[in-house]
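Numbers restart at 1 for each chain; the letters A, B, ... are given by sequence-line order, proteins then strands.
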Number of protein chains: 2
Amino acid sequence: MVRGMSLRHALLGLLSERPASGYDLLKRFETSLANVWPATQSQMYGELTKLAAAGLISVSAEGPRGRKEYTLTDEGLAELRHWLTETAPQRNPRSDTLLRVFFLGVLPREQAGAYLTGLMETSAKEYEDLRALERSVDWGDDRLSVYGRIALEYGLRLNEMKREWAAWAAERLG
Amino acid sequence: MVRGMSLRHALLGLLSERPASGYDLLKRFETSLANVWPATQSQMYGELTKLAAAGLISVSAEGPRGRKEYTLTDEGLAELRHWLTETAPQRNPRSDTLLRVFFLGVLPREQAGAYLTGLMETSAKEYEDLRALERSVDWGDDRLSVYGRIALEYGLRLNEMKREWAAWAAERLG
DNA sequence: CAGACCATGTAAGGTGTTACATGATTAT
DNA sequence: ATAATCATGTAACACCTTACATGGTCTG
């Protein structure tokens, strides 16, 4: 467990709410965690096998079509808590969007401006998508509601910031 | 060239300003691009070899200690322009910081609050670091100055947003 | 001449993506 | 029946990190 490996912790986190199969978890990734930690089917099944081998989760039931339901073990919960409290979040995730900005100077100013206005538009659109998501969710006072709402607020503020920044930058280019 | 591969483009981008050796590029990554696209020494030398084999850069001079100076070729510049204009930036980079937020509910509320106030502090500190960087740079009107300043502004606004968001979230928990 | 810095490379292993592959069960 | 969905897995390949390895050149 050297670095990163957050897929592991994402799986442990989802299983901390309730037991689930790989297929269930895949669906929940697609809906709730897609914006924060996308994962593919391939990767998930492999990771679940490793987590079970390491004793952090266990097969608690088997169903039709070879379905295996996994449950978080005490060791798994301990590892999840450890990750949350004792390990530092990554400082700066890589950003190819921002990397491009560094090199916009190789383009004619007009095309550089088009890149920035394109960013404005995608930010505005994503903001609206998140607003729609916010309206569609039935927010209760369960764990996922409380913290999911906080994560969603981050997305809203981020996209608002991005749109304003891109507008500022486009104007700055003249 | 299937997906991502932005290290390639970062190298092409830096070489579009002036020729440089692997060692030079490593230093420039450490200073200017560290916050946006960190890269290790190992990875860079390997990537430079591949780029040269693909004809996107070429060895333009050799110096002491086996130093090889690379220069961007016409093909390399075309590829850089193509990446800037024809390929879409990644929509959502993974965020382990935000992933943790989803699962803060497994901690006692006090510890969840501590995580959020910790984020406030790191954002505030990074904001100050960037302000210091801003003051230390001699901003001219060359390409890197214009677009580097825009990228830095993004960092400033991002950290301001993060700090406010974390404060809002911590208060929301009560 | 010793230490700092310049300069490049290989190897092993983890993580992530895409494509391929297989088959059971349920609903129409 | 047949199509959609449920359900899991393997293989190949790209990317990234860490550690290991080697040696030349310059400065005090």
Check your understanding: Do T122(A) and R163(A) get their side chains close enough for a donor-acceptor pair, meaning under 3.5 Å?
Key -> no
**Study point:** Nucleotide dG9(D), atom C1' - distance to OH of Y45(A) in whole Å
**Key:** 9 Å
Exercise for review: Would you indicate which nucleotide in dT8(C), dT17(C), dC16(D) comes nearest to any side-chain atom of Q43(A)?
Suggested key: dT17(C)
**Study point:** Between dA7(C) (C1') and R28(B) (CZ): distance, integer Å
**Key:** 17 Å
Study note, to complete from the structure: Whole-Å distance, L33(A) CG to dG16(C) P, equals 13 Å
Exercise for review: Specify the separation, in whole Å, of atom CG of D96(A) and atom P of dA14(D).
Suggested key: 20 Å
Revision key, fill the gap. Which of dG16(C), dT17(D), dT8(D) is nearest the side chain of L7(A)? It is dG16(C)
Practice item. Could you check S42(A) against R65(A) and say which one's nearest nucleotide on DNA chain C is further toward the 5' end? Key: S42(A)
Review point. Roughly, in whole Å, what's the span from CE in M44(B) to C1' in dG9(C)?
Key: 13 Å
Exercise for review: Rounded to the nearest angstrom, tell me the gap between atom NZ in K27(B) and atom C1' in dA7(C).
Suggested key: 10 Å
Check your understanding: Which word best sums up how the rings of H9(A) and W83(A) line up, parallel for under 30°, tilted for 30 to 60°, or perpendicular for over 60°?
Key -> parallel
Revision key, fill the gap. K50(A) NZ to dT10(D) C1', in whole Å, measures 13 Å
Check your understanding: If you look at every heavy atom in Y154(A) and L158(B), which pair is closest and at what distance?
Key -> OH-CD1, 4.1 Å
**Study point:** Check: R100(A)/S6(B) side-chain N/O donor and acceptor closer than 3.5 Å
**Key:** no
Revision key, fill the gap. Nearest-nucleotide check on DNA chain C, R94(B) vs Y70(B); residue mapping nearer the 5' end is Y70(B)
Check your understanding: Taking NZ, NE, NH1 and NH2 as the nitrogens, is one of them in E160(A) or R157(B) under 4.0 Å from a carboxylate oxygen of the other?
Key -> no
Exercise for review: Give the rounded distance in Å between these two atoms: CD of Q41(B) and P of dT18(D).
Suggested key: 12 Å
Review point. Looking at R67(B), does any N or O in its side chain come under 4.0 Å of the phosphate oxygens OP1/OP2 on dA7(C)?
Key: yes
Review point. Does K68(B) have a side-chain nitrogen or oxygen under 4.0 Å from the phosphate oxygens OP1 or OP2 of dG9(C)?
Key: yes
Practice item. Select one nucleotide: of dT8(C), dG9(D), dT17(D), the one nearest the side-chain heavy atoms of T40(B). Key: dT17(D)
